[in-house]
Amino acid sequence: MEKTSNAEERLAQARALVASLEAGDEVEADRITEELSQGKDDDLFQEVGRLTRELHEAIVGFLLDDQIAQFAQHEIPDAADRLRHVITMTEEAAHKTLSAVEDSLPVAEELETRANDLGERWGKFRNRKLDLDDFRVLSSEIGDFLDLANAHSKTLNGKLSEVLMAQGYQDLTGQIIRRVISLVQDVEEKLVRLVAISGSARAVKQEEVELEGPVVPGVTKSDVVNSQDDVDDLLSSLGF
Amino acid sequence: MDKNMKILVVDDFSTMRRIIKNLLRDLGFTNVQEADDGTTALPMLQAGDFDFLVSDWNMPGMTGIDLLRAVRADPKLAALPVLLVTAESKREQIVEAAEAGVNGYVVKPFTAGTLQEKISKIFERVS
């Protein structure tokens, strides 16, 4: 019954609104429009008020926990810094390694070229196809080459040591990342408690394909390919 | 395959750009330029006569897939061969890249051999 009378009342209001608009009575039209939306606004304000109170209580309860304050003020910013540091360290190590390799390649190449050249003429000498003058030249060049080989070996040794030392980043970054993992786990526990306090969490449906990044064993759960072969098979099934 | 062709390598990590550049140099390609994301790469592609684009997927600013779509949408660049080299390995992503018109897809970590094979394959088909 109440529903019917409510509907009738709104119908009457609507007619009055049309009438006032047709009559050009702006003031009356505004008044009726406001009246029509009044009921809905009241419900909305009550609901927002209730949610605000609940959220406030949840946050107050949450902040009372000293550990949370510690997380927010120190540990989370620290963790971000630590992870940035991991990026810097890995970047430096990669550059150091790449530089050592780039420096070593021409050194190794020179040794190879010179050794090949001398090897050819040494072969001729062994087959007695080299005259005395050529042998004198060869002999002095072999002497030079031995000096060069000595110096180049030292250079290569040094560069290889640099590569070796640069790998130290793995240990250091591993330790840093482990600390961040344990922090994330602590925060996760607290968040689960916050969700429990503030009611049910609503699942948000993701329509877009989210970027997954490098496959992390034990973490990556979506339908990923395991190798380049899988990629190739998938692409060829698509006509590539 | 023209060893003097102009190649643009796009990756937000400078180390990966360096590794790809070194591998390309080993394969005989020396005319290589770099960009750190799609936003930087697109104007370079539009301004310069690049013959080949090698791009990462996940980058800040403009991602590799958006760069690929922008390239295909630009009449002057539409025919440019594009190779994605990325850690993204979800099946639906590979399908998405294929639908966007990628020419090749290499998952990280990769080997020099894989890169060479994909590049040869792309240029066999293009020529």
Side-chain angles (χ1 to χ4, degrees), chain A residues 80 83-84 86-106 108-109 112 159 163 166-167 169-170 173 205-240, chain B residues 11-23 25-26 36 56-60 62-66 81-119 121-122 124-126:
Chain A
L83 291 178
R84 269 191 282 273
V86 167
I87 295 179
T88 311
M89 286 172 82
T90 50
E91 190 179 16
E92 277 170 8
H95 278 303
K96 209 180 276 174
T97 306
L98 288 164
S99 292
V101 171
E102 282 173 0
D103 294 345
S104 302
L105 286 174
E109 258 166 37
E112 195 194 355
K159 294 295 167 191
V163 172
Q167 309 313 306
Y169 79 91
Q170 216 289 321
T173 56
K205 207 182 163 199
Q206 285 284 352
E207 291 292 346
E208 262 190 40
V209 180
E210 266 197 65
L211 294 180
E212 186 82 23
V215 174
V216 181
V219 174
T220 305
K221 291 191 188 94
S222 18
D223 186 18
V224 296
V225 296
N226 293 312
S227 67
Q228 183 64 40
D229 286 343
D230 286 353
V231 178
D232 297 346
D233 288 348
L234 181 56
L235 285 177
S236 74
S237 76
L238 295 167
F240 271 72
Chain B
D11 199 306
D12 52 333
F13 277 87
S14 60
T15 46
M16 187 44 71
R17 292 203 298 273
R18 216 173 143 183
I19 290 168
I20 293 176
K21 221 173 150 179
N22 271 292
L23 290 173
R25 201 196 48 213
D26 276 354
D36 60 4
D56 183 24
W57 181 317
N58 190 2
M59 295 177 288
M62 189 191 219
T63 62
I65 192 81
D66 286 340
V82 179
L83 175 67
L84 279 179
V85 179
T86 170
E88 303 302 328
S89 51
K90 273 202 237 171
R91 285 177 188 279
E92 48 188 316
Q93 289 178 302
I94 298 163
V95 173
E96 195 183 343
E99 284 168 355
V102 81
N103 299 83
Y105 198 105
V106 172
V107 283
K108 292 176 189 170
F110 59 96
T111 63
T114 304
L115 189 68
Q116 176 167 31
E117 185 200 323
K118 299 304 156 203
I119 292 175
K121 217 167 152 189
I122 287 171
E124 257 169 46
R125 259 201 226 104
V126 169

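Chain letters run A, B, ... following the sequence lines, proteins first and then strands; every chain starts at 1. What you are looking at is a predicted structure, and each value in this text was computed from that prediction instead of being measured. Scope of the values below: all heavy atoms of this structure, side chains included, with no hydrogens, waters or symmetry mates.
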- Between B:Arg125, B:Met16, B:Lys118, B:Arg25, the one whose heavy-atom pairs under 4.5 Å with chain A are most numerous: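 Heavy-atom pair counts peak at B:Lys118.
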
- Message: Let's go through A:Asp232 and B:Lys121 carefully: what are the C-alpha distance in whole Å and the side-chain angles of both, what is the deciding distance for side-chain contact (heavy atoms from CB on, under 4.5 Å) to 0.1 Å, and is it a yes or a no?
- Response: CA-CA 12 Å; A:Asp232 297 346; B:Lys121 217 167 152 189; 5.5 Å; no

- Which of residues 96-104 of chain A get closer than 4.5 angstrom to chain B, counting heavy atoms alone?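 Against chain B, the residues of residues 96-104 of chain A that fall inside the cut-off (heavy atoms, under 4.5 Å) are A:Leu98, A:Ser99, A:Glu102.
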
Tell me every residue that passes side-chain hydrogen bond (donor to acceptor under 3.5 Å, both in side chains) with [X], counting only those two or more places apart in sequence or in another chain.
X	answer
B:Asp12	none
B:Arg91	A:Asp223
A:Thr173	none

Identify the heavy atoms of [X] and [Y] that sit nearest to each other, and give their distance.
X	Y	answer
A:Ser227	B:Val107	C-CG2, 4.3 Å
B:Tyr105	A:Leu235	CB-CD1, 3.7 Å
A:Glu91	B:Thr15	O-CG2, 3.6 Å

- Message: Quick check on B:Phe13 against chain A: is it the side chain, the backbone, both or neither that has a heavy atom closer than 4.5 Å?
- Response: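 Only the side chain of B:Phe13 comes within 4.5 Å of chain A.
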
- Item | Close side-chain approach of B:Gln93 and A:Val224, heavy atoms under 4.5 Å |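 No, their side chains stay 4.5 Å or more apart.
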
